[in-house]
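Values below: every heavy atom of this structure, side chains too, minus hydrogens, waters and symmetry copies. Reminder, nothing fancy here: chain letters follow the sequence lines and each chain counts from 1. Just so it is clear, the structure is predicted and the values come from calculations on it, not from any experiment.
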Amino acid sequence: MPESEFQRQQPFEPGLLLALETSCDETSVALLKDGRQVLCNRVASQEELHARYGGVVPEIACRRHFEVIHPLLEEALETTGKRFGDLDAIAVTHGPGLIGAVLVGVTVAKTLALALDKPLLPVNHLEGHLFSPLLENPELEPPWISLLVSGGHTCLVLVEDWGSLKLLGKTRDDAAGEAFDKVAKMLQLGYPGGPRVQKLAAEGNPEAIDLPRPMRGQGYAFSFSGLKTAVHRAREQHSPADLCASFQQAVIDVLVEKTLKAAEEFGVQRVSLAGGVAANQPLRQALEQNCRQRGLSFYVPSFEYCTDNGAMIAMAGYQMARLGITATTGLDAHASLPLLAWRT
Amino acid sequence: METVKPWLSLDSTGESYSLALWRGPQLLAECSGGQPRQHLVQIFPALDLLCRQSGLKPGELRAVAVTGGPGSFTGVRTGLLLAKTLAQADDLPVYPVDTLEALAANAVEGDSVVAGLDARKGEIIWARYRVRQGLPSLLEPARLSSPQEFLDSIPAGSLVLGSACQAALPGGEEVRVLPADLWRVRAVSVGRVAWPRLQAGAGTSWPQLRPDYVRPADVQVHRG
Ligand SMILES: [Zn+2]
């Protein structure tokens, strides 16, 4: 991470913040007012474009980002009655993600920052998810434990303070969302797998199959690839509905158990769930119920802010502005990017 | 009106990038450089510096000329995104220039100038121009060829330039290969080609900008 990507300046609170997100297969543009009010959160999903390939095709994603980002930008300004000159800062996802896709957003954001002479806030996509609960819960304050689950990521993070995040553990192989996709593919349910597995699981018995609970009791690391293999072995003897239900329950059990353990170990009273897989209803319910039983506050964004979106990037960018961290003209796009890269 | 206002020309379709600042037909400053995959990191500080040296703010630019391909997919997008965003933010016209035409303009004079780029996958993309006073006019439109087809298609007496020569170097008496330092597309050539169009006010608005990818996307699913 070249140090020249970031610079420190006087902390500030941008009144009107524009955010761009293009790290995977969603193009999104958002406007955030005073760090509180989402004026607009436009998302153009490419899901149907990639569905026939059973996964995201990077070059197709890049081409679509190229086509839609400027019209989205135009729409965002038009519908809110704002102009480029009204913007106080620009936030952009600069990783992790598909490198060519990240490049699209970063190139546009850097050009805007240069043309408008406004600060550029370089946001880590995962920090976007981490801070997404703030969009609807402005009272949320550190410390809290965040379970971040998506198609590309599964990790537990302790948000110690606004500028201090501790990665407690992450997946050693597949992300939770990826495991859902692979099980869906195995059962020929189509892509994306998450919603389809959840739907079929509702008709099945979660205790029908005794599937493993991988990495149980082994710190905060996750592993889902063995679970996927176990589903594969069981697929001859069981119905797709039972397979989905049992698989989903195994994933939920592991996620919930580790999250609660982290809250207990670090003595944290607040727990949040974020990322695309946070849209999974049974997971939301299970974590919420368990938190309530233990007297912990539970935060989860509404569906719109769980999947990739610009509003969460704006919120994370706003937190960077408050810390006085901005990007230089040398900002790069990164396929992988550690949390709080600017601190290293 | 365009004759006195500052404007930018750029190319990032190849392994290096190139920027030039103009006031009307007058070149104010230029810079080139870079390594593959470093365009994003290098172009912006370079543009910032170039503007400062010329006493301009990027927001004062009044038009952009840019190569829209052929070239590397990412490189083509980078230049077009920069131009498109400047155009959208400041309501500027854009002047897209074919990469092969800008390359041919490097030859300055020639009755038959063959500009060719290595299109990867064992193919060359090339076109043929007549070039007068640094301005090309098209003789044969762009096409993809194997290296051998490319070599066989070059008429006697032609000047040849571009990265195609790395994959297929023309030999013999009847064809002249221009020096390798002319094989890179230059923003100065892009600007020279665009200038008559600027004078004519024949610009494009940002929604009309389309990359010339030449090839469809490679369909390879990303595995995290
Ligand atoms: Zn995400």
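- Note on ring orientation: taking the six-membered ring where Trp is involved, the planes of A:His129 and A:His125 are perpendicular (angle over 60°, cut-offs 30° and 60°).
- The part of B:Asp90 that comes within reach of chain A is its side chain, from C-beta onward, which places non-hydrogen atoms under 4.5 angstrom from that chain.
- Chain B forms more heavy-atom pairs under 4.5 Å with one residue of A:Gly100, A:Gly85, A:Cys62 than with any other, namely A:Cys62.
- Contacts between A:Ala335 and chain B at a heavy-atom distance below 4.5 Å are absent for every atom of the residue.
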task = Check the pair B:Val114 / B:Phe150 against side chain to side chain contact (heavy atoms under 4.5 Å, CB included), numbers first and verdict last.
result = CA-CA 10 Å; B:Val114 173; B:Phe150 167 69; 3.7 Å; yes
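- In summary, the side chains of B:Tyr213 and B:Arg77 do present a donor paired with an acceptor at a separation below 3.5 Å, with no hydrogens or angles considered.
- Only the backbone of B:Gln220 comes within less than 4.5 Å of a heavy atom of chain A; no side-chain atom from C-beta onward does.
- Listed options A:Leu98, A:Leu116, A:Asp117 were ranked by heavy-atom pairs under 4.5 angstrom with chain B; first place goes to A:Leu98.
- Heavy-atom distances place no part of B:Leu61 under 4.5 Å from chain A, backbone and side chain included.
- Considering only heavy-atom pairs separated by less than 4.5 Å from chain A, the leading option among B:Ala46, B:Pro216, B:Cys51 is B:Pro216.
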Donor-acceptor pairs under 3.5 Å, side chain of residues 105-113 of chain A to any protein atom, not counting sequence neighbours: which ones?
unit_1	atom_1	unit_2	atom_2	d
A:Thr107	OG1	A:Leu103	O	2.6
A:Lys110	NZ	A:Thr329	O	2.7
A:Lys110	NZ	A:Leu331	O	2.7
A:Lys110	NZ	B:Leu40	O	2.6
A:Thr111	OG1	A:Thr107	O	2.7

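- For chain A, the option among B:Leu86, B:Leu209, B:Thr74, B:Ile43 with the highest count of heavy-atom pairs below 4.5 Å is B:Leu86.
- Using a 3.5 Å distance cut-off with no hydrogens or angles, the side chains of B:Gln166 and B:Ser163 do not pair a donor with an acceptor.
- When B:Lys84, B:Glu60, B:Gln38 are compared by the number of non-hydrogen pairs under 4.5 Å with chain A, B:Lys84 comes out ahead.
- Contact check on A:Lys182 versus A:Glu178 returns a salt bridge, with a Lys/Arg side-chain nitrogen under 4.0 Å from an Asp/Glu carboxylate oxygen.
- In this structure the side chain of B:Asp48 reaches within 4.5 angstrom of the side chain of A:Leu114, judged on heavy atoms.
- Contact annotation for B:Pro45: both backbone and side-chain heavy atoms come within less than 4.5 Å of a heavy atom of chain A.
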key: Chi angles and distances behind the ring-ring contact (aromatic ring centres under 6.0 Å, His included) call for A:Phe6, A:His94   = CA-CA 12 Å; A:Phe6 306 101; A:His94 74 122; 5.7 Å; yes
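- Top candidate by heavy-atom pairs under 4.5 Å with chain A, chosen from B:Pro207, B:Ala89, B:Gly59, is B:Ala89.
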